[in-house]
2 protein chains.
Amino acid sequence: MKKETSSNSLNEQFLFQSCELNSALKVISGRWKAQIVYSIWSGNDRFSLLKQELSAISEQVLSRQLKELETQAILVKIPIPETVPAGISYRLTSKGIELVPILQALCNWGKQYPEENCIPLSACVTG
Amino acid sequence: MKKETSSNSLNEQFLFQSCELNSALKVISGRWKAQIVYSIWSGNDRFSLLKQELSAISEQVLSRQLKELETQAILVKIPIPETVPAGISYRLTSKGIELVPILQALCNWGKQYPEENCIPLSACVTG
DNA sequence: CTGTATCCCCAACGATACTG
DNA sequence: CAGTATCGTTGGGGATACAG
């Protein structure tokens, strides 16, 4: 539950209203969102595939992030008919797809300035 | 022999990219960092100017963010000699400057999917 | 298989007062 | 002008158990 009157919350609203940059940033900030977008884009369109790829993520968090990304119109859930139990396929919207090149640009930027603690994703989780 | 098109190979590629993505994302995540980089780039090279532009930020937080960005080699502090009291000019490094086009891309992406009440900051005006 | 419900932790955010 | 010290608040991330 959020306190809408806290200065923290007010600041958040101010920033969101101030600049498109912030609304964009809000989409890809957080520990997992950008990776989820990237992962879906690269073919992991199922909950279990995402969980496998982002091996350190908990189901709770993955579910939460997916819901947020859906709300932000980055992805859509597509029920897979006649599967038991029910299956859901995740697909990026055009808005989500257009985000990918920017993430790639960020990747390339990161590659130009490598950090020492740069290790594969599964171990990339900081406690 | 590797199949470059196998999902395995794609995954491998993805994992490597994700890693770089994370280090990059770490730099611009946070509520203020991207905005600060942008603001310095657009000419607000003094503490007081930044504080003025990001009117809702507290000195404590601004100072903290600037220090982090300095540690991440995004900017450098340049003392202004023979000023009383002492003045500090902030300047982006090449690493920081190369980040700007990506932030602009994010900005433009945000503009394509406008939200209500989204007012650009002066620093966020892209040519 | 794809989620929710609960509860907890802590790092980031913030207000205020103070300093060279 | 450009910070630091101190301390309170917040909410995202997480562990675990449970559910349709």
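Chain identifiers are assigned alphabetically (A, B, ...) following the order of the sequence lines, protein sequences preceding nucleic acid strands; residue numbering begins at 1 within each chain.
A:Phe47 has its CZ atom 9 Å from the P atom of C:dT4, to the nearest Å. Here the P atom of nucleotide D:dA2 and the CG atom of B:Leu75 are 14 Å apart, to the nearest Å. Taking atom NZ on B:Lys26 and atom C1' on C:dA11, their separation rounds to 13 Å, with Å as the unit. One interatomic measurement links the two molecules: CD1 of B:Ile36 to P of C:dC13, which rounds to 10 Å at whole-angstrom precision. D:dC1 atom P lies 8 Å from atom CZ of B:Arg46, rounded to whole Å. Atom CD in B:Glu59 sits about 12 Å away from atom P in C:dT16, given to the nearest Å. Taking atom CD1 of B:Ile57 as the reference point, atom C1' of C:dG14 lies 10 Å away to the nearest angstrom. Atom C1' of nucleotide C:dT16 and atom NZ of B:Lys51 are separated by 12 Å, given to the nearest angstrom.
Taking for each of B:Lys77 and A:Val61 the nucleotide of DNA chain D with the nearest heavy atom, the 5'-most of the two is the partner of B:Lys77.
A donor and an acceptor atom sit less than 3.5 Å apart, one in the side chain of B:Gln60 and one in the base of D:dT6.
Here the side chain of B:Ser48 is nearest to one of C:dT2, D:dC1, D:dG14, namely D:dC1. Each of C:dG14, D:dG13, C:dT2 was ranked by its minimum atom distance to the side chain of A:Arg31; first place goes to D:dG13. Proximity note for A:Ser58 (side chain, C-beta onward) versus D:dA15, C:dC1, C:dT2: the nearest is D:dA15.
Near DNA chain D, meaning a heavy atom under 4.0 Å from it, residues 62-72 of chain A has A:Arg64, A:Gln65 in order of number.
Panel note: side chain B:Thr93, backbone B:Ala73; a donor-acceptor pair is recorded below 3.5 Å. Side-chain N or O atoms of A:Thr71 include one that pairs as donor or acceptor with a backbone N or O of A:Lys67 at under 3.5 Å.
For the pair B:Phe47/B:Ser63, a side-chain contact is recorded, criterion being any heavy-atom separation below 4.5 Å from C-beta on. For the pair B:Trp41/B:Leu99, no side-chain contact is recorded, criterion being any heavy-atom separation below 4.5 Å from C-beta on. With a 4.5 Å cut-off on side-chain heavy atoms, B:Leu62 and B:Glu59 do not count as touching.
Phosphate contact (OP1/OP2 of D:dG14, side-chain N/O of A:Trp32, threshold under 4.0 Å): present.
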Trace of the side chain to side chain contact (heavy atoms under 4.5 Å, CB included) decision for A:Ile40 with A:Arg91: CA-CA 7 Å; A:Ile40 292 175; A:Arg91 188 170 305 172; 5.8 Å; no

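Side-chain heavy atoms closer than 4.5 Å link hydrophobic residues (I, L, V, M, F, W, Y) into clusters, and following such links, possibly through other members, connects A:Ile36 to A:Ile97.
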